[in-house]
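Not measured: the values here are computed from a predicted model.
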Amino acid sequence: MAGVTAQFHVDLRGIVDLLSHHLYSSPRVYLRELIQNGVDAIEARRRLPGRGGASTGRIVITPADVAEDGCLHITDDGVGLTPDDIEQCLATIGASSKRTTDGMRREGFMGQFGIGLLSCFLVADTIELTTRHVDGGPTWRWRGESTGVYHVDEADIPQDQPGSTVRLQPRPSAAHLLRTAEVTLLVSQFAAFLPIDIVVNTADGPEHLAERRFPWEKAVDGASLPSVARRASGVDLCQELFGFVPLHAVEIADVQTGVRGMAYVMPFAGGQRGTHRVYARHMLVSDSCPEILPDWAVFVRAVLDTENVRLTAGRESLYADATLAGVRERLGAQILGWLTRTAQTDPARIRSFLDVHEVTLKRLATQDDDLLSAVVPWLAFESTLGPVSLPEFAHGQPVIRYAASVEDFRQLAPFAAAQGTSVVNAGYAFEGALLRRFAEVNGVDTQALTPAAVMADLTAPDADEEASYLPLLDLAQRALDRSGCEVVVRSFEPASMPAVVLAGRATRAAARRRETLDESDGVWADLLRGLGEGERRPQFVLNIANPSIQALRDRQDDEVCTTAVEALYAHALVSGHHRLRPFDTALMARALPCLIDRALRVQE
């Protein structure tokens, strides 16, 4: 081939703009693309045994601040390019030297040589490639300019060995990306696990920055590490890449696509979709790749190496297709399998896991039925039966009765227990939604119990009996007038409970509004007063089945009755875990000492 000067077959300025604004996330990828081209060239040469000698599998990089000419140099001893390859790959954007004669991509190659080399225009105005093919012949030089012109001729100094060298003249605005500090950092980030010897020439001598092995890989002699050693090595890798010591390292793999790696259970609550670190044939694709695992897997961070998962054009993320969906589903099933096995065999470990991630799991299980079925057997709910899982609670019951708030559960639990009714507390974060989803999936009916519904079911006295309690009701209402509650009499079990305060969610909100009203004036007070018209008050229910209440009805001493009512009200507030206002606190501080004092005087 004689010397040729020509234009690229596209508008190069437009291509560079496309690369920088749409294909690549950062100009830092130029070095990854150059290394990938070298890796592919070495692999191509290894597939041609006996032709031109074996490749040593080495890439040598000389940063711009070390090279005498102020340019970055990267050399591989791969297959090299022929004149036809140069014309096809470097004059027509998007072509590749890694193709068979029928145009099909060869399995095992990652890059597209033309696009990969042109990524260097993100950091340089001039790219020079010198190359000699493994089958022999001259050494060719290709020189491309960001203006859109390229030139091909024979190199002045022929290469002794097959392979290629790329020389980049730094653009001033990107010069720091071609210096030693940044080059060594980029090689360590992108290429540390490549099975290729990558040497960076520094002012202090050559540094070998690749050929690390993933914990799950076999050693050089073909032996696999014992599982304990793999896990320990995986923990070290997690600390290095993610900065935390995991609760556990779970090995995961997908045989169909050659994906292998580890999922690290985080020691802190995540909440965000996982930012997993994904490699493609040992070259880093992305350190923030959520789509490789299911959305619910926010409690793990994964390091994965892929073989046959398709990459996007910029090779910085995974292509969203049916293959990726299958990988995500199968890897997710393995993580769920680990959770299930751990729950069955290692209660202490699953408890430590739940201490961190239980709320997150409850939230996510409402959105994913696979996760729901996996985790719901060991998520404990508070209930009148004690701590219990939903499957245990629902066993043998046609209806799951639940309290929608913690306050409701604390008020209703004594009634339910005395009447033999089981109630579960669904008042904590995401528990109500989780319970309803569990019931829907398993075909179980649910019933929300409220203080108002319980009050409606309590037995009211007949007219004559209620009339006998009117003096006590009148006295109690006057004693508790500032509490804002309504005093009523009912009969209920257990008879040992003398009184109870029932206040639903709307009633509790109204009470807080009245408390604010007491501290407000002007327009704000008028507004709150208008909002409160017609609202229901908390109910202080005296249990007429209780002997003490019956005795109090017959007592003629107003002072004793008043003190007893105040004490009963204070006790009902505390036992029902109600919020105490200043009036309630003052009443409690007064009622109990008064009762003690009167009891002592009676005894004397």
Self-check item: Heavy-atom side-chain proximity of L379 to L354 below 4.5 angstrom
Solution: yes
Practice problem: Side-chain contact test, heavy atoms from C-beta onward, threshold under 4.5 Å: evaluate it for I335 versus L331 and give yes or no. | Solution: no
Self-check item: Derivation of the side chain to side chain donor-acceptor pair (under 3.5 Å) call for N37 and E33
Solution: CA-CA 6 Å; N37 282 342; E33 297 296 280; over 6 Å; no
Quiz item: Taking atom CZ of F244 as the centre, does the number of heavy atoms from other residues, nucleotides or ligands within less than 6.0 Å exceed 12?
Solution: yes
Practice problem: Would you name the heavy atoms of P83 and W140 that are closest together and state the gap between them? | Solution: CG-NE1, 3.3 Å
Quiz prompt | Verdict with supporting geometry, N201 and I61, side-chain contact (heavy atoms from CB on, under 4.5 Å) | solution = CA-CA 6 Å; N201 291 321; I61 304 173; over 6 Å; no
Quiz item: Of T131, D153, T130, which is the lone residue that meets side-chain hydrogen bond (donor to acceptor under 3.5 Å, both in side chains) with R141?
Solution: D153
Practice problem: Indicate the atoms forming the closest heavy-atom contact of L129 with S164, along with that distance. | Solution: CD1-CB, 3.8 Å
Practice problem: Start with the C-alpha distance between Y150 and I127, add both sets of side-chain angles, then the distance that settles side-chain contact (heavy atoms from CB on, under 4.5 Å), and finish with yes or no. | Solution: CA-CA 9 Å; Y150 72 92; I127 304 172; over 6 Å; no
Quiz item: Under 30°, 30 to 60°, or over 60°: which ring-plane class applies to W338 and H248, parallel, tilted or perpendicular?
Solution: parallel
Practice problem: Test I59 against V39 for side-chain contact (heavy atoms from CB on, under 4.5 Å), laying out the working first. | Solution: CA-CA 8 Å; I59 295 173; V39 170; 4.1 Å; yes
Quiz item: Of all residues at least two apart in sequence or in a different chain, which pass the side chain to side chain donor-acceptor pair (under 3.5 Å) check with S233?
Solution: none
Quiz item: Taking atom CZ of F299 and atom CG of L339, what is their separation to the nearest 0.5 Å?
Solution: 4.5 Å
Quiz item: Going by heavy atoms in the side chains, are R301 and T275 under 4.5 Å from each other?
Solution: yes
Quiz item: Is the closest side-chain heavy-atom distance between I252 and L304 below 4.5 Å?
Solution: yes
Quiz prompt | Within 6.0 Å of CD in E329, more than 12 heavy atoms from elsewhere | solution = no
Practice problem: Sort and list the pairs that fulfil side-chain hydrogen bond (donor to acceptor under 3.5 Å, both in side chains) and have at least one residue in residues 184-195, not counting sequence neighbours. | Solution: R28-Q189
Quiz item: Under a 4.5 Å cut-off applied to non-hydrogen side-chain atoms, are D368 and P294 in contact?
Solution: no
Quiz prompt | Residue list, side chain to side chain donor-acceptor pair (under 3.5 Å) with R277, at least two apart or on another chain | solution = Y279
Practice problem: Apply salt bridge (charged side-chain N to carboxylate O under 4.0 Å, His left out) to the pair D77 and R58, showing each step before the final yes or no. | Solution: CA-CA 6 Å; D77 59 352; R58 174 175 295 175; over 6 Å; no
Exercise. Kindly give the heavy-atom pair with the smallest separation between A210 and A191, and that separation in Å.
Key: CB-O, 3.4 Å
Exercise. Using side chain to side chain donor-acceptor pair (under 3.5 Å) as the criterion, list what pairs up with T75, not counting sequence neighbours.
Key: T165
Quiz item: Have T180 and T202 got a donor and an acceptor in their side chains that come within less than 3.5 Å?
Solution: no
Quiz item: How long is the span from the CD atom in E182 to the CG atom in L177, to the nearest 0.5 Å?
Solution: 5.5 Å
Self-check item: Any donor-acceptor N/O pair, Y264 side chain to G234 backbone, under 3.5 Å
Solution: yes
Practice problem: Could you tell me whether a side-chain N or O of R132 sits under 3.5 Å from a main-chain N or O of D160, the two making a donor and an acceptor? | Solution: yes
Quiz prompt | R349 side chain to L247 backbone, donor-acceptor under 3.5 Å | solution = yes
Quiz item: Is there a salt bridge (charged side-chain N to carboxylate O under 4.0 Å, His left out) between E43 and R281 once you walk through the steps?
Solution: CA-CA 12 Å; E43 177 64 22; R281 297 193 180 95; over 6 Å; no
Exercise. Determine, stepwise, if the pair E291 / R328 fulfils salt bridge (charged side-chain N to carboxylate O under 4.0 Å, His left out).
Key: CA-CA 7 Å; E291 59 269 18; R328 183 166 51 243; over 6 Å; no
Exercise. Output all residues satisfying side chain to side chain donor-acceptor pair (under 3.5 Å) with H73, sequence neighbours left out; order by chain, then residue number.
Key: D69
Self-check item: Nearest-0.5 Å distance, CG of residue L194 to CD1 of residue I35
Solution: 7.0 Å
Self-check item: CA sep, side-chain torsions, deciding dist, call: R212, L237, side-chain contact (heavy atoms from CB on, under 4.5 Å)
Solution: CA-CA 11 Å; R212 293 181 58 182; L237 183 62; 4.0 Å; yes
Quiz item: Would you say R32's side chain and R315's backbone share a donor-acceptor pair under 3.5 angstrom?
Solution: yes
Quiz prompt | Beyond-backbone contact of P391 with V376, side-chain heavy atoms, under 4.5 angstrom | solution = yes
Exercise. Let me see the working for D85 and T82 under side chain to side chain donor-acceptor pair (under 3.5 Å), right down to the final yes or no.
Key: CA-CA 5 Å; D85 292 333; T82 66; 3.1 Å; yes
Self-check item: Smallest separation among heavy atoms of T323 and N308, with atom names
Solution: CG2-O, 4.5 Å
Quiz prompt | T126 side-chain N/O to Q169 backbone N/O, donor-acceptor pair under 3.5 Å | solution = no
Exercise. Give, for atom OH of Y319 and atom CZ of R310, the distance between the pair rounded to the nearest 0.5 Å.
Key: 4.5 Å
Quiz item: Of all heavy-atom pairs between A365 and L372, which one has the smallest distance, and what is that distance?
Solution: O-CB, 3.5 Å
Quiz item: Do any N or O atoms from the side chain of N442 and from the backbone of F438 form a donor-acceptor pair under 3.5 angstrom?
Solution: yes
Self-check item: Sequence neighbours excluded, every pair satisfying salt bridge (Lys or Arg N to Asp or Glu O under 4.0 Å) that has a member inside residues 246-256
Solution: R230-E251, D254-R330
Practice problem: Please examine the side chains of H282 and F214, heavy atoms only from C-beta on, and report whether any two atoms are closer than 4.5 Å. | Solution: yes
Practice problem: Mind checking the CG-CD spacing from L435 to E440? Nearest 0.5 Å is all I need. | Solution: 12.0 Å
Exercise. Determine the minimum heavy-atom distance between I292 and H276, stating which atoms define it.
Key: CG2-CD2, 3.7 Å
Quiz item: Do E358 and R351 come close enough that some side-chain heavy atom pair is under 4.5 Å?
Solution: yes
Quiz item: Distance from F381 atom CZ to L390 atom CG, nearest 0.5 Å?
Solution: 4.0 Å
